[in-house]
Amino acid sequence: MTSSFALSIILFLSFSVFIDLINYIMPQYSNTSDIRLSSLKGSNSIDSKLFDKISTMSGVEHIYGRKSSLDVPAKVNSKAGKIDMISYDDFDLDCLTKDKGLKKGSDISKVYGNSNYVLIIWDKNSPLKIGDKIQVGNKKLEIAGMLKYNPFSDDGSTDGKVTLITSNKTFTNITGITKYQIVMIQMTKDSTGSDIERIHNVVGNNYNFADQHDEHTASTYMAFHLFIYGFLAIITLVTVLNIINSISMSVSSRIKQYGAMRAVGMDEHQVTKMIATEAFTYAISGCVVGSIVGLFISKLLYKYLITNHYSYATWSFPIIPITIIIVFVFVSAIIAMYAPSKRIQNTAIIDTINEL
């Protein structure tokens, strides 16, 4: 019976990994754009006047842009090298916090406005850490935080490149660049095709115009999550029914022995205590075995399905899944002991003696 309890926990912990897998395959970002404008030659050429004009148009909810400067000479921890610099508007920075995209210890509040603080992209092979200094020209910048992954690559890795994320004002102060390379637009829920067409007419053919409405994966993401959560719900239900049925069958197989114990003086409270002891012995042993094996399989699956494809991904102890399944196991054990104990209490001692 212990192995039966343990199997339910193992299945629950194993399939919980697929929730993380979906999050990596189809990440949902708060700054996902509906319309994307980019300069034709990849330069910073989108005028801020166009940016301001679009921001006042009907159907536009958020508009934010990025500037970039690549292979900038810099001193990283007093060593000469080259870095990339990318600016984020305030909305972009807000989304990093909202999407929990920063490593622990990061203080993004320092990055806003015209400051000497920047963010960098975390890399397990990089010696840089929060608080380190990077000198760009005459500016000495301090690392205020780290992104968990590289949003500019498919696999989230940096490939050894140091990339600074700065505020829009800090970027302009350092480089003198005022125009954008990319402008992204989020439309309101009630926006129409006419609103998008008007924006397109304003942009004209001076820049690349991409309508990304049809590229959103939110519906597919929700469908996969519903499927996985539904499967976990089925595992939980099977766990509850299995525990209740197993305890009931175990008690039923020894109903005569319990009756004989009552006949020689054992009261109803002591009988219930014996059933509870049996139920919780199986529950505790099942939780111990299931948790040990389940955590091992969970970590193994995480490695092969996620870490091998997303180098920045790290397995962490699944506190919520293991708490949920263990709580259900013990609640089921409490429920399972109720019906058998009631059945024994309602059976007359004389009937049990006659059956012996």
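Just so you know, these numbers come straight off a predicted model, no measurement behind them. All heavy atoms count here, side chains included; hydrogens, waters and symmetry mates do not.
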Does the side chain of [X] come under 3.5 Å of the side chain of [Y] through a donor N or O and an acceptor N or O?
X	Y	value
Gln212	Ser33	yes
Asn23	Tyr221	yes
Lys140	Asn116	no

Would a hydrophobic clustering, with Ile, Leu, Val, Met, Phe, Trp and Tyr connected at side-chain separations under 4.5 Å, put [X] with [Y]?
X	Y	result
Leu232	Leu226	no
Met146	Ile165	no
Phe227	Ile235	yes
Ile324	Val329	yes
Phe91	Leu147	no

Completion exercise
Of Thr166, Asn44, Thr172, Asp89, the one forming a side-chain hydrogen bond (donor to acceptor under 3.5 Å, both in side chains) with Lys67 is Thr172
Problem - Sole residue of Tyr180, Tyr112, Tyr88 in side-chain hydrogen bond (donor to acceptor under 3.5 Å, both in side chains) with Asn168 - result: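 Looking at Tyr180, Tyr112, Tyr88, the match for Asn168 under the side-chain hydrogen bond (donor to acceptor under 3.5 Å, both in side chains) is Tyr180.
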Has [X] got more than 12 heavy atoms of other residues, nucleotides or ligands less than 6.0 Å from its [atom1]?
X	atom1	result
Lys139	NZ	yes
Tyr229	OH	no
Phe209	CZ	yes
Lys161	NZ	yes
Leu40	CG	yes

Spell out, as yes or no, whether a donor-acceptor pair under 3.5 Å connects the side chain of [X] to the backbone of [Y].
X	Y	value
Ser55	Asp52	yes
Gln28	Ser30	no
Asp195	Thr192	yes
Gln186	Thr32	yes
Asn201	Glu197	yes
Thr170	Gly113	yes
Ser68	Ile86	no

Handout entry: Residue among Asp34, Ile199, Asp211 satisfying side chain to side chain contact (heavy atoms under 4.5 Å, CB included) with Ile185
Key =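 Looking at Asp34, Ile199, Asp211, the match for Ile185 under the side chain to side chain contact (heavy atoms under 4.5 Å, CB included) is Ile199.
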Contacts table for residues 293-309: side-chain donor-acceptor under 3.5 angstrom, sequence neighbours left out:
unit_1, atom_1, unit_2, atom_2, d
Ser298, OG, Trp315, NE1, 3.3
Tyr302, OH, Tyr24, OH, 3.3
Tyr302, OH, Thr314, O, 3.4

Practice task
May I ask you to decide whether Asp47 forms a salt bridge with Lys53, counting only side-chain N to carboxylate O separations under 4.0 Å?
Solution key: no
Handout entry: Hydrophobic cluster (4.5 angstrom, side-chain heavy atoms) - remaining members for Leu241
Key =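 In the cluster with Leu241 are Leu237.
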Practice task
Could you check if a side-chain atom of Ile182 sits within less than 4.5 angstrom of a side-chain atom of Arg36, using non-hydrogen atoms only?
Solution key: yes
